[in-house]
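So you know, we letter chains A, B, ... as the sequences are listed, proteins then strands, and number each from 1.
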Amino acid sequence: MEQDFSQLDAILGMYRGKPGILIPLMQEAQNLLGYLSKDAMRYIAQKMNIPAADIYGVATFYSMFKLKPQGKHIVRICKGTACHVSDADGIKEALVEAMQLEKGEDTTKDMNFTLMEVACLGCCSLAPVIMIDDTTYGKLTPEAIPGILERYAFVEEQ
Amino acid sequence: MTNVTVKVGLASCGVAAGAMEVYEVLRHYQQSGAAIDLQQTACIGMCFEEPIVELSGGTLGTLSLGKVEPERIADWVEDYRRGELPQANIILAEKQEATRNSLLDGQTRIVLRNCGVIDPKSIAAYEAAGGYIALQKALSMKPEDIVEEVKSSGLRGRGGAGFSTGLKWSFAARAKGPKKYVVCNADEGDPGAFMDRSTLEGDPHNVIEGMIIGAYAMGADEGYIYCRAEYPMAIAHLKIAIEAAKAKGYLGKHIMGTDFNFELHIKEGAGAFVCGEETALMQSIEGKRGMPTIRPPFPAESGLWGCPTNINNVETWANITWIITNGADEFRKIGTDKSPGTKVFALAGKIAGSGLIEVPMGIPLKDIIYKVGGGMKTEKPFKAVQMGGPSGGCIPASLLDTIVDYDSINATGAIMGSGGMVVMDEGTCMVDVARFFLNFTQNESCGKCTFCRIGTRRMLEILTRITEGKGEMEDITRLEELATNIIKGSLCGLGQTAPNPVLTTLRYFRDEYLAHIQDKRCPAGVCTSLLRFEVIEDKCIGCTACARKCPVACISGSVKQVHKIDQEKCIRCGACFSACKFNAIRKG
């Protein structure tokens, strides 16, 4: 193991010996590292005495865990029923175009945005909806997308 | 000028619609010396009117303003304080006629009684509204009497299946064990449902108090609220509420001076729909992959870490305080004989009044849609209402007289579900809707049962090829056969109900499937591969607007001449259809 994961030790110490801790522990580790690499998972396995296969099993089961580096801002596009019947597909196309994502990619080249689909954000009356980090944008049209993304690009330049 | 109270609705819907800006403007207005009492509240349910501001304490009585513009709100408050009616969109009013007054008439609010009324971050506000009185009463009762009271109220699980809550409690109460748990299922994963989010954001203490009462009745001393991580505000409000309840002695050791101890934790979900299934949810709390396990043993005997566990959904817990305070008999006066009480629904889709409503059981579907929901959003006629999310089905116009109770809704092939209601109009393709849900379930299948894992994928493939115009007549039999086998061959509710959207659309909208398969046509004009755009010669005035918009230059015709679309080259993007101001392009 080449990379130094000792920054995780404080988190691991907090959870050691408690029941049902694997998911919140991995969430905190991911918050710190940005994503869970195989090496990071092996490190947690070794330190916590949990089989690495269990950790990998959990990481691949839940959509929240990321096995690849993520963009600075997470853009969630809601694909719930209400959004689906209100043209969420059109919004997605606009996002993909504005972010200049190639087929199969979900993160922009400058690592500013990662796009992901979610089942429902629970703001159905504002459909179609997207959520950037913790902020929800509703009643969208494909035309509105570039303007919204620009706000996040602008903040970064400052 | 009188000192008026100004309440801003700051739930997720409101914030997404710009309520935070309105609140900031009002804060500056207050700081500049205006004597107003500025308060926050959550969701009153009329999400389509957000941002909403409620004014009270003036001579005009209580007024609710909808679609509030931050630039004008200060003027409107000023008008109100002077006793003048603001020239705003007045949606609810105590003393005046208002546009939405009638929408609340058909509702009965038990679960949502405090939502949009009190500040959810203030335990004092909850107490002032009668909070924690039910707990005090419960602690003076014998635990078995509480279980009996809930049983005789006839309350049925609001998570979807409708099992008797009292009976479920009695199993857990009877179970032996030094340690027992109660769990609140707030993993609201159904697309199109947001009842639990609004309840937790708007009145977290009511759910917590219900859980404390349940824990006392069943002899549990520890509890978990399993909440979706996609609901950050609900989690934040729950955390504040739990801390406040601890400080007041409603949670922790020796609750309200008794020997009863109860500790409550929040567990954030990590993004897996199947975790809404109770055995999967417990696996997830234990830190494992959330895969359902075989029942029996039921959670009441062996649940979390092998201990007796009772799991109820948010809305079920939120009914408990009302039942304890007012008694089972009062509860039974609302709703129907077999399904007493109320049901919260999240109205969404092509309906004018999308938002959160609470209606008595037994109300006909058509009253929900046309009275409480305010009818259709546009002139396009009603086609179907989808109930129960991916486990439910589509109910057609011909069945709108169906009343809302567990048994009547089940008879249509849909299910009551947790309460998502998505209204669809003639512009919605039912085959596409079925495909949408199958795409969802096959994505979310945990993979444990073969029929669910592979069967839903095969169904999705068939539905996809039908929407692409490549379907054949045998596909309908294949879908029905697969559906039967998936229902029989799956362990948990996800698989057992996954075929419902396909079965109900096949039952009520078979002609749409046939149109896709035999005529290669999508009657709603949704399935892109089957679309055809044509110029209606009588209506085309030759303005060239469509030709200029066409990205592949397949529209020919010069100025003042009828245009023509080259079907070979057309990519069916619909740009011409949107560009034409004379309705001279036919889509279908």
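Between chain B and the options A:Gly138, A:Ala119, A:Gly57, the largest number of non-hydrogen pairs under 4.5 Å is found for A:Gly57. Taking A:Cys83, A:Pro19, A:Ala59 one by one and counting their heavy-atom pairs under 4.5 Å with chain B, the maximum is reached by A:Pro19. When each of B:Met20, B:Glu188, B:Lys350, B:Lys288 is checked for heavy-atom pairs under 4.5 Å with chain A, B:Lys288 comes out on top. Interface remark: of the candidates B:Ser284, B:Gly269, B:Gly355, B:Ser198, B:Ser284 forms the most heavy-atom pairs closer than 4.5 Å to chain A. When the candidates B:Gly271, B:Ala270, B:Ser12 are compared by the number of heavy-atom contacts under 4.5 Å with chain A, B:Ala270 comes out ahead.
One N or O on the side chain of B:Lys267 and one on the backbone of A:Gly20 form a donor-acceptor pair closer than 3.5 Å. Looking at B:Tyr231, its side chain never comes within 3.5 Å of a backbone N or O of A:Leu121 through a donor-acceptor pair.
Summarising the local packing, NZ of A:Lys92 is surrounded by 12 or fewer heavy atoms from other residues, nucleotides or ligands at distances under 6.0 Å. Heavy-atom neighbours of A:Glu105 CD from other residues, nucleotides or ligands within 6.0 Å: above the threshold of 12. More than 12 heavy-atom neighbours from other residues, nucleotides or ligands sit within 6.0 angstrom of NZ on A:Lys139. More than 12 heavy atoms of other residues, nucleotides or ligands lie within 6.0 Å of CD in A:Gln7, so this atom counts as buried by the packing criterion. For B:Glu21, the CD atom is loosely surrounded, since the number of other residues' heavy atoms within 6.0 Å does not exceed 12. No more than 12 heavy atoms of other residues, nucleotides or ligands shown are found within 6.0 angstrom of CG on A:Asn49. A 6.0 Å sphere centred on NZ of A:Lys68 holds no more than 12 heavy atoms belonging to other residues, nucleotides or ligands. Heavy atoms of other residues, nucleotides or ligands lying less than 6.0 angstrom from OH of A:Tyr56 number 12 at most.
Contact of A:Asp134 with chain B is made through the side chain alone, with heavy-atom distances under 4.5 Å. Only the side chain of B:Met424 comes within contact range of chain A, with at least one heavy atom under 4.5 Å from a heavy atom of that chain. Only the side chain of B:Val274 comes within less than 4.5 Å of a heavy atom in chain A; its backbone stays farther off. For A:Pro24, the part lying near chain B is the side chain, with the backbone staying farther off; criterion is any non-hydrogen pair under 4.5 Å. Looking at A:Ala127, neither its backbone nor its side chain comes within 4.5 Å of chain B, counting heavy atoms on both sides. B:Ala346 does not touch chain A: none of its heavy atoms, backbone or side chain, sits under 4.5 Å away. For B:Phe48, the part lying under 4.5 angstrom from a heavy atom of chain A is the backbone only. With a 4.5 angstrom heavy-atom cutoff, A:Met26 does not touch chain B via any of its atoms.
No side-chain heavy atom of A:Cys124 sits under 4.5 Å from any side-chain heavy atom of B:Val422. At least one side-chain heavy atom of B:Asp432 sits under 4.5 Å from a side-chain heavy atom of A:His84. Side-chain contact between B:Cys13 and A:Ser125 is present, with heavy atoms from C-beta onward closer than 4.5 Å. By the 4.5 Å heavy-atom criterion applied to side chains, B:Arg289 and A:Thr60 are counted as neighbours. Side-chain atoms of A:Tyr62 and B:Cys275, non-hydrogen and from C-beta on, do get closer than 4.5 Å to each other. Looking at heavy atoms from C-beta onward, B:Met291 lies in side-chain contact with A:Phe61 at the 4.5 angstrom threshold.
For A:Thr81 against B:Pro191, the heavy-atom pair with the smallest separation is OG1-O, 3.0 Å. Nearest heavy atoms, A:Met131 versus B:Pro232: CE-CG, 3.9 Å. Residue B:Arg197 comes nearest to A:Cys123 through the heavy atom pair NH2-CA, 4.2 Å, listed as atom of the first residue, atom of the second, then distance. Closest approach of A:Gly80 to B:Phe436, counting heavy atoms only: C-CZ, 3.5 Å. The minimum heavy-atom distance between B:Cys47 and A:Leu126, with the atom names listed, is O-CD2, 4.4 Å.
Here the CD-OG distance, from B:Glu230 to A:Ser63, works out to 6.5 Å after rounding to the nearest 0.5 Å.
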